[in-house]
Every structure is written in C-alpha cells, then in structure tokens.
S.K.: 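What follows is a structure written as structure tokens; I'll ask about it next.
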Amino acid sequence: MGTSEPLNTRPQTHPFIEIMDSTLRDGEQTSGVSFLPHEKLMIARMLMKDINVDRLEVASARVSDGEKDAVKMICRYAESVGMLDKVEVLGFVDGHLSLDWIHDCGCRHINLLAKGSLRHCRQQLGKTPDEHISDILRSLEYAEKLGIGVNLYLEDWSSGMSDSPDYIYHIMESMVQTPVKRFMLPDTLGITNPLQVIDFFRKMRRRYPDLHFDFHAHNDYDLAVSNSLAAVLCGAKGLHVTVNGLGERCGNAPLASVQVILRDQFEARTSIHEDKLNDISRLVEEYSGIAVAPNQPIVGDSVFTQVAGVHADGDNKDNLYCNPLVPERFGRSREYALGKTSGKANIALNLQMLGLELTPEQMAKVTQRITELGDRKEIVTQDDLPYIVNDVLKHTTPEDKVKLISYMVTSTYGLKPIASIKVEINGKQYAAESTGDGQYDAFVKALRKIYKTYLDRTFPILANYAVTIPPGGRTDALVQTVITWRNGGKIIRTRGLDADQTEAAIKATLRMLNIFEESER
C-alpha cells in the first residue's frame with residue numbers, strides 16, 4: 001500500500017487533539033451493557049466536569065423512550081452548567097425522524113451516520129451514491145432550520161478507502177461546501193493497521209487540507225490505540241474513545257491509554273484531567289458490570305504494584321524502576337506486593353510504610369514465610385504483613401486486640417438469618433445478637449451493636465465485598481473474600497481465606513477490626 005511521503009515519528013508541533021467520549025453510545029453496545037438513565041447522567045456529569053472531555057456522544061436517536069429520557073436529563077444538566085455544546089447524539093439519514101428526536105431532547109448537535117463505503121451504500125441502503133448524497137443534503141438542510149450543528153460519520157470508511165476510494169471522494173466533494181463541522185472517519189470493522197491509517201489519512205488530508213477530521217477506532221486486532229495515534233501523526237484533529245475501552249465486539253480505544261500516549265509519546269495537548277481517570281474507570285466499571293483487568297494500563301488494580309524485590313531495591317535507590325506513569329499523576333499510589341519473588345527490599349518497604357522495624361534475623365524469618373505463601377499461590381498484601389510478622393515473631397509483637405470467642409449463625413427458610421456472637425476487645429468480652437439480610441450481614445450488625453452499645457463507637461463502613469475461588473479450584477476449594485472498608489478518607493482492604501464463605505468474610509472482618517483498633521491508639 002506504500003506511502004509517498006516519509007514517516008514522521010511525531011508531530012512537528014504540539015497539536016491540540018479533541019477528545020470525544022462515546023462510552024454512553026458506542027460503549028453501551030458492549031454485549032450485556034445497558035445503562036439506566038440516571039447512570040448515564042452520572043457518567044456524563046463526571047466526563048464533562050471532572051474529566052473535561054471536549055465532546056460527549058451520549059446516545060443513538062430513536063432507540064427507546066428510556067434513551068430519550070436519559071438524553072433529556074443529560075441535556076438539561078449540561079445546559080445548567082454551560083456545557084450543552086459538548087453533548088452530541090448519533091442520528092441517521094432518515095428524513096426528519098432523527099433530527100426531530102434530537103431536537104425534542106434539547107440537544108444541539110447530531111453526529112449524522114452516512115455510508116463511507118460503496119458496498120454499504122448499495123447493499124445496505126439499496127441506493128446509488130447520488131441518491132445517498134441527496135438524502136444527506138436534505139438532512140443537512142433540515143438540521144440548519146432546527147439550529148442543530150452537524151458532524152458527519154462516514155461509516156465503514158476504512159473499508160471504503162480500501163475498495164472504493166472514489167466513492168468516498170465523491171461524497172466528500174459534495175459535502176465540502178456544506179455546514180458540516182467535522183468529518184468523522186471510523187474503522188468500523190477494526191480492520192486497519194497503523195500503516196494503513198497513515199496512508200488513508202494522508203490521502204484525505206492531501207485532498208481536503210482545511211477540513212476537520214476525527215478518527216474512530218475499533219480494537220478487533222488490538223490496534224485501536226496504535227491506529228488512533230497514527231491518525232494524529234497525519235493530522236487528525238479529534239479522537240473518539242470510551243472509558244475502559246468499552247464497545248462493540250472487542251471495544252474501542254480506551255480513554256486513559258489514548259490520553260497518556262498522546263501526552264507522553266507525542267507531546268500533544270488535550271483538555272483531559274488525568275487525576276480523575278481512575279475515578280471514571282471505577283464508576284463505569286460499577287455501572288456496566290464489566291470488570292477492568294488488573295493489568296489494564298493506567299486504571300488496572302495492579303499496574304502500580306511492584307512485586308519483584310529487585311524493583312523495590314531499585315526504587316529505594318533513586319527510583320530506578322519508575323517511568324513517567326507515576327501513580328500520583330492519576331490520583332493513585334505505588335504499592336509493593338508480597339510474593340515469592342519479593343525479596344528483602346520489597347518486604348522492607350512495606351514494613352517501613354507500616355512503621356515496623358525488624359532485626360536482620362526477624363526479616364529473614366518473615367521473608368521465608370512470605371516465600372512459602374507465594375509458592376502456594378497465596379495472595380499476600382500489606383494488610384496481611386502485620387499478621388505474618390505476628391505469626392512468625394509472636395514473642396516480639398502484641399496479641400490481637402479483637403478476638404472472636406464464639407459465634408453462631410442460623411438461616412431458616414422464610415426468616416431472616418440470625419447471628420449470636422461473643423468477642424474480646426482490648427481484653428474485655430462482649431456478646432450480642434442480631435438479624436440481617438444474610439448470615440454475614442447479621443454477623444456484622446451484631447458486631448456493630450457491641451461497638452455501639454458497650455463502647456459507644458462505630459467502625460469503618462463496608463464499601464465493597466468480593467468473593468473469588470482461587471484459579472483451578474473446584475466446588476470444595478477455598479474461598480477468598482476481599483472486603484474494602486472506608487474509614488473517613490482512608491481505605492482498608494482485608495482478605496480472608498477459608499472453605500466457608502461466611503467464615504472467610506469473618507476472618508477478613510476481624511483483620512480489619514485489629515487494624516482499626518491499632519490505628520485508634
């Protein structure tokens with residue numbers, strides 16, 4: 001396919017790149033994802049105000065009454081904060097139908113979906129190119145009457161550039177004198193590679209140097225980010241992204257990844273507030289039900305966690321293993337996980353963070369225990385470390401301040417579960433019982449009753465509860481319960497491991513209470 005010009009490794013200046021987020025439209029086409037209207041509003045608010053995206057594609061026209069309610073809510077909110085011009089809706093070349101729908105929602109911008117390949121025009125629409133162009137022009141004329149701005153999608157553009165470029169140029173020649181503000185060029189089927197994107201974009205830019213082109217990538221070959229950056233190299237002024245890379249089939253280009261590569265690798269400018277990228281990722285993860293992979297760049301749980309001891313040692317010696325993606329940039333912090341490859345340096349860093357000091361002999365024993373746990377694939381966290389130290393060096397560390405003396409939980413069909421417990425807190429024993437929505441809920445409510453009734457205190461609020469079976473486990477495998485607690489602005493995350501889910505959760509809760517009691521001293 002060769003290009004007639006040499007490739008540049010980066011733009012000659014520091015261009016400003018518009019970011020259009022399509023999580024609420026294209027991202028919602030992810031299998032199994034359907035946002036409720038209020039969820040769409042919450043995501044839109046964060047994207048506009050906290051993330052500061054330039055544009056926000058929030059829906060497809062004429063989908064449902066619920067979708068219309070969501071768009072109206074978003075437009076009302078956006079107008080109240082002076083951001084209505086950021087809101088866009090995908091619409092179709094269908095006479096007045098999409099435009100009337102969008103106008104009725106209070107939206108001022110349509111992303112008009114036209115056909116960007118001859119095959120789509122003839123086989124899907126059953127029309128000639130000139131007939132399709134006439135339909136588009138009529139839509140543009142009506143949009144102008146309604147006061148609605150138009151951006152034009154050329155759907156299946158990448159295929160069109162491969163097999164019917166003359167058709168695309170014919171469409172473009174008919175549109176260059178119209179009020180279309182942006183021409184949006186999608187790799188609808190996710191079939192291109194960066195060299196093809198460079199070739200296709202150069203051809204478009206050479207013919208139409210004064211027009212604004214966006215690029216819309218799909219990730220079928222895992223090239224959405226690379227293709228987006230290739231488009232920027234050749235003059236694209238806008239990129240389309242989704243939070244966490246949500247989207248049809250393999251998804252779209254992820255917002256966080258595109259942002260950091262634009263800034264760090266190409267020195268491009270955007271409006272994005274990076275310190276909020278992790279927050280929007282978590283919100284979309286919660287509402288979509290699509291979990292973010294732990295190793296997802298920028299927003300994955302483990303991407304700022306070092307495991308190897310040599311890395312911890314290097315970080316102690318002038319941050320030798322740090323790169324420009326420092327976690328504080330994204331509102332996060334670096335962690336040093338504990339496992340069989342941790343070594344003394346990694347463990348020492350974790351102990352230092354906890355304010356614990358060990359002799360060389362004690363350190364050797366703790367390191368040996370962590371290595372043994374790692375060999376058994378046990379997950380060891382910083383929260384676990386004081387317990388490992390306590391277990392290995394019982395004569396040098398205090399006993400648990402909160403101990404479970406006994407408990408009983410019952411569950412009867414048609415009745416709420418009941419928990420009866422006895423605990424020892426700072427040397428004194430207390431008993432209580434309570435009902436709950438589940439056995440564990442009843443247990444925690446009984447604990448809270450003890451703290452409130454006898455100690456006039458409250459302990460951290462449960463923020464998240466996750467249960468997993470270790471990889472390769474069977475139905476009788478150990479259950480790992482990970483509970484996240486919020487104590488004011490501090491997060492405490494504890495784990496419990498047991499054959500019984502309730503018992504595992506109780507172990508995690510007791511670990512939290514001991515951390516809590518230690519912090520209250």
Side-chain angles (χ1 to χ4, degrees), residues 18-49 51 53-81 83-114 139 142-143 146-155 181-182 184 186 188 214 216-218 238-249 251-253 255 280 283-284 286-290:
E18 272 190 352
I19 300 297
M20 188 195 83
D21 185 274
S22 188
T23 304
L24 299 178
R25 199 277 299 174
D26 215 356
E28 197 179 30
Q29 292 176 194
T30 306
S31 178
V33 173
S34 179
F35 297 117
L36 296 172
H38 79 275
E39 292 175 335
K40 280 201 163 193
L41 177 61
M42 292 302 102
I43 293 171
R45 286 180 58 172
M46 183 174 285
L47 284 167
M48 285 190 283
K49 290 199 69 178
I51 305 300
V53 296
D54 300 288
R55 296 152 52 207
L56 190 65
E57 192 174 51
V58 300
S60 296
R62 301 171 50 212
V63 169
S64 67
D65 291 338
E67 193 80 334
K68 193 169 189 178
D69 290 341
V71 177
K72 285 182 176 180
M73 289 168 60
I74 292 170
C75 288
R76 282 196 298 269
Y77 166 75
E79 187 170 28
S80 73
V81 295
M83 294 184 178
L84 185 57
D85 282 340
K86 288 190 174 189
V87 181
E88 302 170 4
V89 173
L90 182 140
F92 308 95
V93 182
D94 54 11
H96 294 182
L97 296 177
S98 288
L99 283 160
D100 284 339
W101 192 96
I102 292 169
H103 184 261
D104 190 46
C105 290
C107 185
R108 296 175 182 167
H109 297 279
I110 184 174
N111 293 337
L112 189 63
L113 189 68
S139 291
Y142 188 58
L146 295 178
I148 292 178
V150 180
N151 303 312
L152 189 68
Y153 269 118
L154 295 180
E155 185 183 16
K181 185 172 182 180
R182 302 175 183 88
M184 307 197 294
T188 303
D214 282 3
H216 180 104
H218 279 264
L239 293 177
H240 298 186
V241 299
T242 60
V243 177
N244 298 338
L246 292 183
E248 200 163 23
R249 305 185 310 277
N252 295 28
L255 165 61
I280 189 64
L283 182 68
V284 171
E286 178 183 348
Y287 286 164
S288 69
I290 304 296

S.K.: Kindly say whether Leu24 contributes a backbone atom to a donor-acceptor pair with the side chain of Lys40 at under 3.5 angstrom?
M.R.: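 Here the side-chain-to-backbone pair exists.
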S.K.: Once you round to the nearest 0.5 Å, how far does CD1 of Ile74 lie from CD1 of Ile43?
M.R.: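 Rounded to the nearest 0.5 Å, the CD1-CD1 separation comes to 9.0 Å.
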S.K.: So how far is it from Ser22 OG to Leu47 CG, rounded to the nearest 0.5 Å?
M.R.: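 Going from the OG atom of Ser22 to the CG atom of Leu47 covers 10.5 Å.
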S.K.: Measure the CG-CD distance between Asp85 and Glu79 for me, rounded to the nearest 0.5 Å.
M.R.: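 It comes to 10.0 Å.
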S.K.: Out of curiosity, Arg76 CZ to Leu41 CG, how far, rounded to the nearest 0.5 Å?
M.R.: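 Rounded to the nearest 0.5 Å, the CZ-CG separation comes to 9.0 Å.
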S.K.: May I have the step-by-step check of side-chain contact (heavy atoms from CB on, under 4.5 Å) for Glu67 and Glu28, ending in yes or no?
M.R.: CA-CA 11 Å; Glu67 193 80 334; Glu28 197 179 30; 3.7 Å; yes
S.K.: Taking the side chain from Asp54 and the backbone from Met20, do they hold a donor-acceptor pair closer than 3.5 Å?
M.R.: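 No.
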S.K.: Is the Tyr142 ring parallel, tilted or perpendicular to the His96 ring (thresholds 30°, 60°)?
M.R.: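 Correct class here is parallel.
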S.K.: Could you check whether any side-chain N or O of Lys86 sits under 3.5 Å from a backbone N or O of Val53, counting only pairs where one atom can act as donor and the other as acceptor?
M.R.: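 Such a contact is found between Lys86 side chain and Val53 backbone.
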S.K.: Donor-acceptor pair, distance only, cut-off 3.5 Å: does the side chain of Glu155 make one with the backbone of Thr188?
M.R.: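 Flag not set: sc Glu155 to bb Thr188 has no pair under 3.5 Å.
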S.K.: Looking only at non-hydrogen atoms, find the nearest pair between Val87 and Cys75 and report the distance.
M.R.: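 Nearest heavy atoms, Val87 then Cys75: CG1-SG, 4.0 Å.
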S.K.: Roughly how far apart are Leu36 CG and Asp69 CG, rounded to 0.5 Å?
M.R.: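 The distance works out to 11.5 Å.
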S.K.: For Thr23, is there any backbone N or O sitting under 3.5 Å from a side-chain donor or acceptor partner on Asp21?
M.R.: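 Between the backbone of Thr23 and the side chain of Asp21 there is a qualifying donor-acceptor contact (under 3.5 Å).
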S.K.: Roughly how far apart are Ile102 CD1 and Ser60 OG, rounded to 0.5 Å?
M.R.: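 Ile102 atom CD1 to Ser60 atom OG measures 9.0 Å (nearest 0.5 Å).
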S.K.: Could you walk me through whether Thr30 and Ser288 satisfy the side-chain contact (heavy atoms from CB on, under 4.5 Å) test, starting with their C-alpha distance in whole Å, then the side-chain angles of each, then the deciding distance to 0.1 Å, before giving a yes or no?
M.R.: CA-CA 9 Å; Thr30 306; Ser288 69; over 6 Å; no
S.K.: Say whether His240 and Asn252, considering side chains only, have a donor N or O and an acceptor N or O under 3.5 Å apart.
M.R.: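 Their side chains do not contain a donor-acceptor pair, so the 3.5 Å distance test is not met.
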